[in-house]
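Every chain is numbered from 1 and lettered A, B, ... according to where its sequence line falls, protein lines coming before strand lines.
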Protein chains: 2
Amino acid sequence: MVLVMSAREDLLDALEGLLIDDGERAATLDAVAARAGVSKGGLLYHFPSKAALFDGLAGRLRDLAAADLELMATAPDGPSAYYVRSSVWEDTAFDRTLVAASRLSWTEDAPVRRAFADVRASWLALILEEVGDPAAAEAIMLIGDGLYYNAVLGGSSAPDGTVAGSRDLDGLLAVVARLREGRA
Amino acid sequence: MVLVMSAREDLLDALEGLLIDDGERAATLDAVAARAGVSKGGLLYHFPSKAALFDGLAGRLRDLAAADLELMATAPDGPSAYYVRSSVWEDTAFDRTLVAASRLSWTEDAPVRRAFADVRASWLALILEEVGDPAAAEAIMLIGDGLYYNAVLGGSSAPDGTVAGSRDLDGLLAVVARLREGRA
DNA sequence: GTCTATAGTACGATAGAC
DNA sequence: GTCTATCGTACTATAGAC
């Protein structure tokens, strides 16, 4: 169940890769199938339509987010620090799914967008619970959002944008710690 | 020169509207022309190709950003506060151009992306100059990025996402002020 | 400066062999 | 479970009338 790299997962990986590297428009059925090493007919056996393919991505997002949320809730340095740390692009499976989903979240209205909104709501709830102050919690949430925004803008697997390139994570975490402790 | 609402500007407005409302894929030549009230042939007279149309958006972004940067540099409450305030979605012309551009910045590699990166670099330079501390400047920059990320995710002209809906701008500005003054 | 008509390509999806 | 072949549509862009 775990070692079997099914064609289904290969196809979702290919979809993510195309969304991350080249954007929504590049994620055609032909391109996804080719990148996964199957034919278009093979793709359409696993996902009967393009909408079904995107549903698959939304499901993966929910699964990975649920697992990540447990780690966030029990992080030694607290949910806020975990959230900001993990918002830096590191090309993890969750990173890839999140960025891919964010590039679909407005255009494919229904499932990806809703999954994305739910994930973000659960993050905010944990941070607010830890921090207490709504304004500070909002600022921390926005810093993480900003990190993902840079990752999304960066595009390729090794973003090198203006801000993203020379990122001082330790300094940033120190700022977040002060925000969390109410000294800001 | 100012009062003349040329077809060229109408077309760029239509392009922005489609990108904001329905995403990159909806911004076809047919749709842009129809929304601007001209035929496809009319569009292609002003912008001989789709790339030229996107170039036009990049040019508008640079023009509006240059004007906004002067306001930011001379803002009474300082560049950081101006930046955070103006990062909240208010459906201004600049807001619309920025969100439209961000939805193209990864897929149309060349001109929109470069214009966007240049604009962000100039913002960061002003903030760093004011704040001094790189980590605090980065945090402020990221908060603004996060606000725009929410606007981009929000999609329509009246975003109502998890965080975007109940935004406490005053509280946020207070946090930013403390960051700027080094007390965080 | 704006239109219609159309060429050529790429897309999503179906049908049916294997 | 994966393939090839194909249909109908939508896209970018060109040609040429007005």
#### Entry: Spacing between A:L15 atom CG and C:dG12 atom P, to the nearest angstrom
11 Å
### Task
Not counting sequence neighbours, which residues clear side-chain contact (heavy atoms from CB on, under 4.5 Å) with A:S87? List them please.
A:Y83, A:L147, A:Y148
### Task
Sequence neighbours left out, what passes side-chain contact (heavy atoms from CB on, under 4.5 Å) with A:E90? Give chain and number order.
A:T92, A:D95
### Contact list for residues 16-36 of chain B, test ring-ring contact (aromatic ring centres under 6.0 Å, His included), sequence neighbours left out
none
### Query
Under 3.5 Å, is there a donor-acceptor pair between the side chain of B:R96 and the main chain of B:E16?
no
### Query
Under a criterion of less than 4.0 angstrom to any heavy atom of chain A, what are the 5'-terminal and 3'-terminal contacting nucleotides of DNA chain D?
D:dG1 to D:dT12
### Strand-adjacent residues in residues 36-44 of chain B, judged by heavy atoms under 4.0 Å from DNA chain D
B:K40, B:L44
Kindly list each side-chain donor-acceptor pair under 3.5 angstrom involving residues 47-54 of chain B, sequence neighbours excluded, with atom names and distances?
residue	atom	partner	partner atom	Å
B:S49	OG	B:A51	N	3.4
B:S49	OG	B:A52	N	3.2
B:K50	NZ	B:A27	O	3.3

### Message
Restricting to side-chain contact (heavy atoms from CB on, under 4.5 Å), what partner residues turn up for A:R62, sequence neighbours left out?
### Response
A:R114, A:A115, A:D118
### Query
A:L29 has an atom CG; how far is it from atom P of C:dT14, in whole Å?
11 Å
#### Entry: Estimated bend of the helix from C:dG1-D:dC18 to C:dC18-D:dG1 (axis per five terminal pairs, rounded to 10 degrees)
10°
### Task
Only counting residues at least two apart or in another chain, list the ones meeting side-chain contact (heavy atoms from CB on, under 4.5 Å) with A:S122.
A:L69
### Query
Thinking salt bridges, do B:R60 and B:E9 make one under a 4.0 Å N-O criterion?
yes
### Query
Please, which pairs that meet side chain to side chain donor-acceptor pair (under 3.5 Å) have at least one residue in residues 63-77 of chain B, sequence neighbours excluded?
B:D68-B:Y82, B:D77-B:R85
### Query
Looking only at side-chain N and O atoms, does B:R25 come under 4.0 Å of OP1 or OP2 in C:dA10?
no
### Pairs involving residues 28-39 of chain A, ordered by first then second residue, that meet salt bridge (charged side-chain N to carboxylate O under 4.0 Å, His left out) (sequence neighbours left out)
A:D21-A:R35, A:D30-A:K40
